[in-house]
Amino acid sequence: MDTETIMLVSSFQRMIFASHNAAAQAAADLIISTVRAKPDAVLGLATGGTMEPVYARIVAAFKKGAVSFAQVTSFNLDEYVDLPPDHPNSYRSTMDELLFNHIDIDKARTFIPAARSDDSAARADDYERLIAETGGIDLQLLGIGGNGHIGFNEPGSSRDSRTRLVELHQKTIEANARFFDDRPMPSHAITMGIGTILSARNIAVVATGTTKADAVHAATLGGFDAACPASALQEHKHVSWFLDAAAAGQKAAA
Ligand code: F6R
């Protein structure tokens with residue numbers, strides 16, 4: 001079954017790959033096939049280490065002439081608050097460096113929910129309106145935090161939450177502080193809500209490594225539990241999970 005078929009027929013797909021790179025390739029193939037089938041697709045994008053090989057593979061496919069992003073619109077999940085967009089650790093800089101600078105996407109149609117703490121409510125509403133005005137997200141790419149977060153919807157987030165200012169969980173600060181050597185890691189972010197994410201027509205989650213195994217387990221079994229925000233994905237009809245064996249909870253062969 002090719003990835004286009006998977007996207008059309010799946011209600012829930014849990015695919016286990018031999019390595020992070022193989023999972024990344026399969027997720028990249030799904031994004032590429034989505035854009036080939038609908039050149040003006042609206043993509044929801046994520047940052048994080050898990051996505052780096054996904055974007056590298058998309059760039060490689062673009063360079064080979066396999067896909068064009070000229071008509072694509074993108075919405076990133078989240079951004080740190082009060083961090084200038086040109087700071088090297090902003091998600092704007094990260095996305096430019098990993099993807100946007102290397103493909104033919106029109107940067108004026110690459111949206112990131114930038115905000116300062118004093119204008120975040122208005123910016124969040126604008127972001128929701130903009131997503132709705134483009135017709136909604138065709139394919140939302142997600143990573144998952146070790147604590148089960150999606151976007152920056154930390155444990156306790158409501159199933160119906162929309163784009164808003166959030167305080168980062170201590171575990172998230174610990175996981176990401178290593179990237180900030182010139183200033184303290186921001187304590188707040190603006191993120192699409194769980195409800196915003198569930199409004200996407202298709203969702204692809206990539207998770208690799210043992211540190212994600214418990215979160216993946218809680219996210220895929222047992223219904224929604226606010227302690228694991230990703231468990232809300234069980235309520236969506238078209239979710240594909242791209243896992244390696246460690247994230248799927250399988251023990252490595254001796
Ligand atoms: C990033 C994001 C986060 C990450 C998650 C996993 O835009 O929304 O939810 O997807 O924290 O991060 P990595 O891939 O670094 O483990």
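Note that ligands are numbered from 1 as they come in the structure, with each ligand's atoms numbered from 1 the same way.
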- Message: With no hydrogens and no angle check, just 3.5 Å: does a side-chain donor-acceptor pair link Asp29 and Gln25?
- Response: yes
Exercise. Given the rule in the salt bridge (Lys or Arg N to Asp or Glu O under 4.0 Å) test, do Arg116 and Asp82 qualify, once you have shown the distances and angles that lead to the verdict?
Worked result: CA-CA 5 Å; Arg116 300 187 312 267; Asp82 290 331; 5.5 Å; no
State whether the shortest distance between N or O atoms of His149 and N or O atoms of ligand 1 falls below 3.5 angstrom. yes
for atom 4 (C) of ligand 1, nearest protein heavy atom and its distance come out as Thr47 O, 3.9 Å
Cluster membership besides Ile190, Ile/Leu/Val/Met/Phe/Trp/Tyr side chains within less than 4.5 angstrom, sorted by chain and number, is Val81, Leu165
For Leu77, the ligand 1 atoms with a heavy-atom partner under 4.0 Å come out as 8 (O)
Margin query: For the residue pair Thr196 / Glu128, report whether a side-chain donor-acceptor contact shorter than 3.5 Å exists.
Written below: yes
Item to check | Between Asn153 and Arg159, a side-chain donor and acceptor under 3.5 Å | outcome: no
Taking only non-hydrogen atoms of Gly143 and a 4.0 Å limit, the atoms of ligand 1 in range are 10 (O)
Note: Asp78, heavy atoms under 4.0 Å from ligand 1, region reported as side chain
the protein heavy atom lying closest to atom 14 (O) of ligand 1 turns out to be Thr50 OG1, 2.4 Å
| query | When you check the side-chain N and O atoms of Asn202 and Gln140, is any donor under 3.5 Å from an acceptor? | reply | no
Judging by distance only, is a nitrogen or oxygen of Gly145 under 3.5 angstrom from one on ligand 1?
no
For Gly49, the ligand 1 atoms with a heavy-atom partner under 4.0 Å come out as 13 (P), 14 (O), 15 (O)
task: Flag Gly151 as yes when one of its N or O atoms lies below 3.5 Å from any N or O atom of ligand 1, and as no otherwise.
output: yes
Note: Ile144, heavy atoms under 4.0 Å from ligand 1, region reported as backbone
min-distance protein heavy atom vs atom 12 (O) of ligand 1 -> Gly48 CA, 4.1 Å
Notebook entry, point to check: Is a side-chain donor-acceptor pair under 3.5 Å present for Asp104 with Ser68?
Noted result: yes
Within 4.0 Å of some non-hydrogen atom of Lys212, the atoms of ligand 1 are 6 (C), 13 (P), 16 (O)
>> Testing the 3.5 Å rule here: is there a donor-acceptor pair between the side chains of Thr172 and Glu154?
In response: yes
